[in-house]
Number of protein chains: 2
Amino acid sequence: MTLFKMGNAAYIKEKNKRHILQCIKEHGPIARSRISETLHLSKPTVSALVEELLHEGWVREEGNGDAGQLGGRKPIYLTFNSRAAYIFGVDIGGTKTLTAVSDLAGNILGTREFPTQDNLQYGLLKKVQKHVQELLLEQQISEDRVLGIGIGAPGTTDIVQGTVIDAPSLNWHDYPLQNEASALFPFPVFIDNDVNVAVLGEQWLGSAKNMSNVVLISIGTGIGCGIMINGQLYRGASFAAGEIGYLVTDKNEAKKHTKRAFEGYGFLDSFTGGPAIVAKMQEALGDKAIQELTAKDVFDLAKSGDQTALAVTEEVVDHIGFAIANVISIINPEAVILGGGISKSSPWYLPRIEQIVSEFAAVKTVIKTTTCGPNLGVIGAVSLVLREHESALKTF
Amino acid sequence: MTLFKMGNAAYIKEKNKRHILQCIKEHGPIARSRISETLHLSKPTVSALVEELLHEGWVREEGNGDAGQLGGRKPIYLTFNSRAAYIFGVDIGGTKTLTAVSDLAGNILGTREFPTQDNLQYGLLKKVQKHVQELLLEQQISEDRVLGIGIGAPGTTDIVQGTVIDAPSLNWHDYPLQNEASALFPFPVFIDNDVNVAVLGEQWLGSAKNMSNVVLISIGTGIGCGIMINGQLYRGASFAAGEIGYLVTDKNEAKKHTKRAFEGYGFLDSFTGGPAIVAKMQEALGDKAIQELTAKDVFDLAKSGDQTALAVTEEVVDHIGFAIANVISIINPEAVILGGGISKSSPWYLPRIEQIVSEFAAVKTVIKTTTCGPNLGVIGAVSLVLREHESALKTF
DNA sequence: AGGTAAGTTAGGTAACTTAACTAACTAACC
DNA sequence: GGTTAGTTAGTTAAGTTACCTAACTTACCT
């Protein structure tokens, strides 16, 4: 990839430049003089690098501030130009695929979506490409102003090879997503697992803002978990970190099943997965089985007071609670964020999870729900681009 | 701590110097010219920095190598001088406290030990200090040649405050270990949890050599787990990462107990802890209960074929197996290393654990046992000093 | 001798720093 | 109300440092 260089003067200049840009981004309107103080860089250095940043469009001079009480020249405020470049985020979900453009601050400027399943055969990426072009036109953005496109895929993803190892809902196996996408877009493509992408989003603009160690647990079609450690996404030795669908929360139950029972999915999946919930419910209903039942229906029934549904969902929530407690005992995150489909009805089951966690986890840990809403996936994908993109400073 | 400086020329020089030293350390006897190639630094730069390293004693010129087939000047081989400085490692265990001196390559040059419990009241650190002085004398090492002393403590450790939050076996609660020790030694003191220290050791010189993502599970008095992620120790948001004594592997069993049952220790501890094992065995024996029974006795009995002991230990091993499977599903490490007291009898129960892991964990993962032997603790403590010590280059 | 490789010397460049400057403003005094 | 002193923001100029390239010496092979 990028040439291995480490010790020359250019490296230190770029590093300082990055720091200055970061400082302006974080500390809002700020004067050169203040940057010099906080970053322990000399005033001339800051001025020179800011000059370049101004030229390159990353930064704007935004009017003069007031002078201090004791007098002195007015500071010239610098602000980060979040419109210096644009980023595309794509959230490939089991049901729909969302495409969005955002500025550098994560403001979603426009979105498009289409049903995933209908377009699987014909070329899902072709459709995304169409939406990207529509959004470019709509928002009057020129291609060379786009930093890159981030894609979150619902399955294990090898970000080194750029392939989706396994995404059952899309029937993708070792699908070279990054290569396929790179052929369609004139800017860099970054891909990752949907849960990983979700933590990135939540840690950037959601309820895990600025937390260095945080875990997002997504409960939807399956159960998954994205882990951030030391402010960085942790993917594991073989991109399988956070596969909590395999957690065993009941060893006696587990021993009853043979290996076959879990082929392709884990112990916990067989209790908390959508199909499993429906099956359990049907079994409990016996001859009163309902046609076309979904997991959401079961939860809705439970909420409305149905005793059978309540028993089934309580069991599910219990399993999830213990799984979360186990994650906490191992990872000791600052907070656990709950996301995914079921997180909407969180007020109902959150107390039970909190209770289990407070009783059984090694440390008291805050449990929150996502705050990014339905755009979490695309926001995370955008964040992925910002984090992985090496040269977020190169002139263009 | 160390002054915040990042952008000046001195920084890049030190960085390059470190890289060169690292390169010599790793790639054995190596010529300046080869360093220049592998590190992409110019020959004059390498020569200048090597000159300094020679002066400071970190590096030695070790005879000339042979010239190449096509002729040319013979290379001057450089080797890392592992005797440039020395490090002390202290392993405070529940039963004994080991003190060792090592060189920079991790060679243990001498050790001393004393029973921990007998010296708790009188001043454990005073005794360590005595042993350190003895070793300095014995090995003819002058104080100012010592980089630091690393101490592994059997309990949750706050490495920022430098305190041991809780170490039941020593009756330490918020004990300011680092401060207390710093008062006794004329060189820097570094402290950490015994399990954390153990992974460091195992990753430096043991069976996890050079692995970036690895987990060490220690089964002794309690069960604990040290986690390395991206080549760095991961301690968690509140130094409680890896508290697998709290993992719940049987939610129905867990729900039977009230919170009180686990006060201070976790669900798994209540099945795999020494006292728990003994209690289970006595219960199984009924009126045939044995006086003065220890957990080790139970395992020994099981190994000799005692049916009651076999049943009890099998249950314990099962719990441990599922706990390890859960750790793997969450962390996805390159390998899991088993350590601690019981790891000696590993050939006996390892197959069962491997079976559970292969059946229930999300990914196939190698399970190994420690290879550092009884010195793992002190080697880890030495490694801690090497890793935490910022200025492993400052002249002295 | 001619070729090759290791390591050194000399000169140039690029980035930082400090010190001194200009610019712009407040406060206070005559 | 005008002048002067003090303060802060940002620029200019000179000096430092650590890197690089290019040309060299040393030492060895055939």
Side-chain angles (χ1 to χ4, degrees), chain A residues 3-20 23-24 27 29-55 59-79 393, chain B residues 3-20 23-24 27 29-55 59-79 393:
Chain A
L3 198 71
F4 177 84
K5 253 186 182 175
M6 51 170 223
N8 58 21
Y11 165 79
I12 154 171
K13 178 177 177 180
E14 192 166 311
K15 188 174 164 158
N16 285 337
K17 205 161 153 187
R18 252 178 237 278
H19 275 265
I20 288 173
C23 183
I24 295 171
H27 302 106
I30 186 173
R32 290 166 175 79
S33 150
R34 184 59 42 85
I35 297 173
S36 161
E37 277 170 31
T38 55
L39 255 47
H40 300 262
L41 285 168
S42 69
K43 293 198 285 175
T45 302
V46 172
S47 287
L49 295 179
V50 163
E51 182 67 14
E52 289 188 25
L53 290 170
L54 281 165
H55 251 264
V59 159
R60 289 259 160 81
E61 287 189 341
E62 200 113 306
N64 296 35
D66 286 331
Q69 299 257 325
L70 301 158
R73 178 172 167 179
K74 280 180 188 165
I76 305 164
Y77 282 141
L78 299 163
T79 57
L393 263 180
Chain B
L3 199 71
F4 177 85
K5 253 188 182 175
M6 51 169 222
N8 58 21
Y11 164 79
I12 154 171
K13 178 177 177 180
E14 191 166 313
K15 188 174 164 157
N16 285 337
K17 205 162 152 187
R18 254 179 234 277
H19 274 264
I20 289 174
C23 183
I24 296 171
H27 303 106
I30 187 173
R32 288 167 176 80
S33 153
R34 184 58 44 83
I35 297 173
S36 161
E37 278 171 28
T38 55
L39 255 45
H40 300 262
L41 286 168
S42 70
K43 293 198 287 174
T45 301
V46 173
S47 287
L49 294 179
V50 163
E51 181 69 14
E52 290 187 25
L53 289 170
L54 281 165
H55 251 265
V59 159
R60 289 258 160 82
E61 287 190 338
E62 201 113 307
N64 297 33
D66 286 331
Q69 299 258 326
L70 301 157
R73 178 171 166 179
K74 280 180 188 166
I76 305 164
Y77 281 141
L78 299 163
T79 56
L393 264 181

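Just so it is clear: chains get the letters A, B, ... in the order the sequence lines come, proteins before strands, and each one is counted from 1.
Between the NE2 atom of B/His19 and the P atom of D/dA18 there is a distance of 16 Å, rounded to whole Å. Following rounding to the nearest Å, A/Leu41 (CG) and C/dT18 (C1') show an atom-to-atom distance of 14 Å. The interatomic distance linking A/Tyr77 (OH) with C/dA24 (P) rounds to 18 Å, in whole Å. Counting to the nearest Å, the P atom of C/dA15 and the CD1 atom of A/Ile20 are 13 Å from each other. What separates CD of B/Glu14 from P of D/dT17 is a distance of 16 Å, to the nearest Å. Rounded to an integer number of Å, the gap from CD1 of B/Ile35 to C1' of D/dC19 is 17 Å. For the pair A/Lys74 NZ and D/dT8 P, the computed distance is 17 Å after rounding to whole Å. Rounded to an integer number of Å, the gap from B/Ile12 CD1 to C/dT13 P is 18 Å.
For the atom pair B/Leu39 CG and B/His19 NE2, the distance stands at 7.0 Å (nearest 0.5 Å). Atom CD1 of A/Ile35 and atom CD1 of A/Ile20 lie 6.0 Å apart (nearest 0.5 Å). Atoms CD and CG, on A/Glu52 and A/Leu49 in that order, are 6.0 Å from each other to the nearest 0.5 Å.
Below the 3.5 angstrom threshold, one finds a donor paired with an acceptor across the side chain of A/Arg73 and the base of D/dA9.
A salt bridge is absent between B/Glu14 and B/Lys17; no separation between the charged side-chain nitrogens and carboxylate oxygens falls under 4.0 Å.
Between A/Asn16 and C/dC16 there is a side-chain N or O to OP1 or OP2 distance below 4.0 Å. Within the 4.0 Å cut-off from OP1 or OP2 of D/dC20, at least one side-chain nitrogen or oxygen of B/Thr45 is found.
Comparing D/dA9, C/dA15, C/dT17 by their nearest atom to the side chain of A/Ala9 picks out C/dA15. For B/Ala31, taking side-chain heavy atoms from C-beta onward, the closest of the listed nucleotides D/dC20, D/dC28, C/dG7 is C/dG7. Each of D/dT11, C/dA15, C/dT8 was ranked by its minimum atom distance to the side chain of B/Arg32; first place goes to C/dT8. Side-chain atoms of B/Ala10 lie closest to D/dA18 of the nucleotides C/dA19, C/dC16, D/dA18. Side chain of A/Leu49, nearest nucleotide from D/dA9, C/dA14, C/dC16: C/dC16. With distances taken from any side-chain atom of A/Pro75 to the nucleotides D/dA18, D/dA9, C/dA15, the minimum falls on D/dA9. The side chain of A/Pro44 lies closest to C/dT17 when the candidates are D/dG10, C/dG7, C/dT17.
Residues B/Leu41 and B/Ser36 share a closest heavy-atom pair of O-OG, 2.6 Å. Taking every heavy atom of both residues into account, A/Arg32 and A/Leu54 meet most closely at NH2-CD1, 3.6 Å.
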Show your reasoning for whether side-chain contact (heavy atoms from CB on, under 4.5 Å) applies to A/Glu37 and A/Arg34.
-> CA-CA 5 Å; A/Glu37 277 170 31; A/Arg34 184 59 42 85; 3.6 Å; yes
Derivation and outcome, side-chain contact (heavy atoms from CB on, under 4.5 Å), residues A/Leu78 and A/Glu61 = CA-CA 5 Å; A/Leu78 299 163; A/Glu61 287 189 341; 3.7 Å; yes
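Among the protein residues, A/Ser42 comes within range of the nucleic acid bases, having at least one heavy atom under 4.0 Å from a base atom. Counting any heavy atom pair closer than 4.0 Å across all strands shown, B/Lys43 reaches a base atom. In this structure, B/Ser33 reaches the sugar-phosphate backbone alone: every heavy-atom distance under 4.0 Å involves primed, P, OP1 or OP2 atoms, never a base.
Recorded end-axis angle for the helix from C/dA1-D/dT30 to C/dC30-D/dG1 stands at 20°, based on five pairs per end and rounded to 10 degrees.
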